[in-house]
Novice: 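Attaching a single structure in structure tokens format; questions to follow.
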Amino acid sequence: MRIVVTGLLGQYAFGGVTWDYIQYLLGFRDLGHEVWYLEDSGAWPYDPVRQTVSEDCTYNVKYLDGMMTEFGFGDRWIYRNGADGKFHGAGESAARDLIKNGDMLVNVSSAGWLKDYDFGVKHQMFIDGDPMFCQVGLLDPKNVDYAARVRAHDSHFTFGLNVGCSGCLAPDVGIRWKKTVQPIALEYWPVQSDEGLDRFTTVMNWASYAPVEWEGKKYGQKDIEFEKFKTLPGRTPQSLVMAMGQGIGSKRPTEELRALGWTILEAGEVLPDHLSYREFLRTSKAEWSIAKHGYVEGRTGWFSCRTACYLALGRPAVVQETGWSDHIPAGDGLLTFSTLDEAVEAITDINDHYAEHQAAARALAEQYFEAKKVCADLLVQAGIS
């Protein structure tokens, strides 16, 4: 099949974002398909060097060209500048042909809306990476056009493993959500035999956007959840290192967190690309991380793409419960917590039985997140042979 994957590789030329999207291309290619990348979000380019939106997409196109070359996709990519509508890479005719005559469009995380194309592609697949927020947004009267575009897809998937299940508070939007996880191309995440540096780490943003409200209750970001665990460094001798964005409005309380014992690194400075991102995870002993307040309170079952990368490297993870443990086993290599005491106990357990947790972490990645398996499952659930 000729498969087109949309994404934001060029728009947000950062390490973690690169891995989020490129691994879909790698998974479908490993299944033997002809895979293309198309980025046409309508957004003006973001220049990470100048840290501002710009009409000039030179940096974004150069970055994208480098990534496609590095991962063996050659010229099978197109980037459209939202500022002037111009196409780069394989060009406009290739983009329009793919959408008119391709076999499948994979719209990852609402990245591609392709407003002025002649659609003939045989199957449109939508993948929601932001459960609770996505479903609330679909019911917002201000988002009528967005909702119509989402509903126009032939199949709908979500990282919310509990969406549609009893106990999950994500609203019913009349879509039958199929469940999926982040694909991980394991060959790019070789298992580590050592313990790495003596630090538990994660990569996060203090707050990505404003809270949303549903049925009188607000669902927020990681800043709300972090408050519950900010005294953790005083409860464990384990070093805790966070590569953390300052969030909207730069409201991260940096000095307070450092005074409490956290090591705070500026994510944009220490993780400028996909290789430094992988190296940060590789040299960590394990991950410790919270989830967005909306994922936790909504009991969505969301599981982090970043955590899956830690597991692939053989780095155990201690991550906040969102309901994911109903679907992915917790206990060996992957531990869950909901309270401060549980977080302390899980860190201690990892340190006391590191070799066992290390082996179990990689085994979980192989069983649940291997890219070829995940992408094959997408096709099976969508009814595509």
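Residue indices begin at 1 and follow the sequence shown. Here the structure is a predicted model, which is why all the values come from computation and not from measurement.
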Novice: Starting from the C-alpha separation in whole Å, work towards a yes-or-no answer on side chain to side chain contact (heavy atoms under 4.5 Å, CB included) for Thr201 and Tyr310.
Specialist: CA-CA 10 Å; Thr201 67; Tyr310 275 96; 2.6 Å; yes
Novice: Report yes or no: does Gln358 contribute a side-chain atom to a donor-acceptor pair with the main-chain N or O of Gln192 at less than 3.5 Å?
Specialist: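 Answer holds: yes.
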Novice: Between the side chains of Asp349 and His357, is a donor N or O closer than 3.5 angstrom to an acceptor N or O?
Specialist: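 Judged by distance alone, the side chains do pair up.
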Novice: Give me the other members of the hydrophobic cluster that Ile224 sits in, counting Ile, Leu, Val, Met, Phe, Trp and Tyr linked by side-chain heavy atoms under 4.5 Å, directly or via other members.
Specialist: none
Novice: Kindly assign one of parallel, tilted or perpendicular to the pair Phe369 and Phe303, based on the angle between their ring planes and the thresholds 30° and 60°.
Specialist: parallel
Novice: Considering only residues two or more places apart or on different chains, which pairs with a residue in residues 267-276 satisfy side chain to side chain donor-acceptor pair (under 3.5 Å)?
Specialist: Glu70-His274, Asp273-Ser276
Novice: Regarding Asp172 and Gln135, is there a side-chain donor-to-acceptor distance under 3.5 Å anywhere?
Specialist: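 Judged by distance alone, the side chains do not pair up.
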Novice: Could you check, using the six-membered ring where one of them is a Trp, whether Tyr295 and Trp302 have ring centers closer than 6.0 angstrom?
Specialist: yes
Novice: Quick check with a 6.0 Å cut-off and a 45 degree axis cone: is Arg76 positioned over the face of Tyr37's six-membered ring?
Specialist: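 That pair does not qualify as a cation-pi contact.
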Novice: Testing Arg306, Arg315, Arg199 one by one against Glu287 for a salt bridge (charged side-chain N to carboxylate O under 4.0 Å, His left out), which residue passes?
Specialist: Arg306
Novice: Are any of the side-chain heavy atoms of Glu266 and Gln246 separated by less than 4.5 Å?
Specialist: yes
Novice: Check whether the ring centres of Trp262 and Phe226 lie less than 6.0 Å apart, and answer yes or no.
Specialist: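 So the answer is yes for these two rings.
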Novice: Is a donor from one side chain sitting under 3.5 angstrom from an acceptor on the other, for Asp332 and His353?
Specialist: no
Novice: Could you walk me through whether Asp56 and Thr58 pass the side chain to side chain donor-acceptor pair (under 3.5 Å) test, one step at a time?
Specialist: CA-CA 6 Å; Asp56 182 3; Thr58 302; 2.6 Å; yes
Novice: Indicate yes or no: at least one non-hydrogen side-chain atom of Ile99 is less than 4.5 angstrom from one of Leu105.
Specialist: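 A side-chain contact under 4.5 Å exists here.
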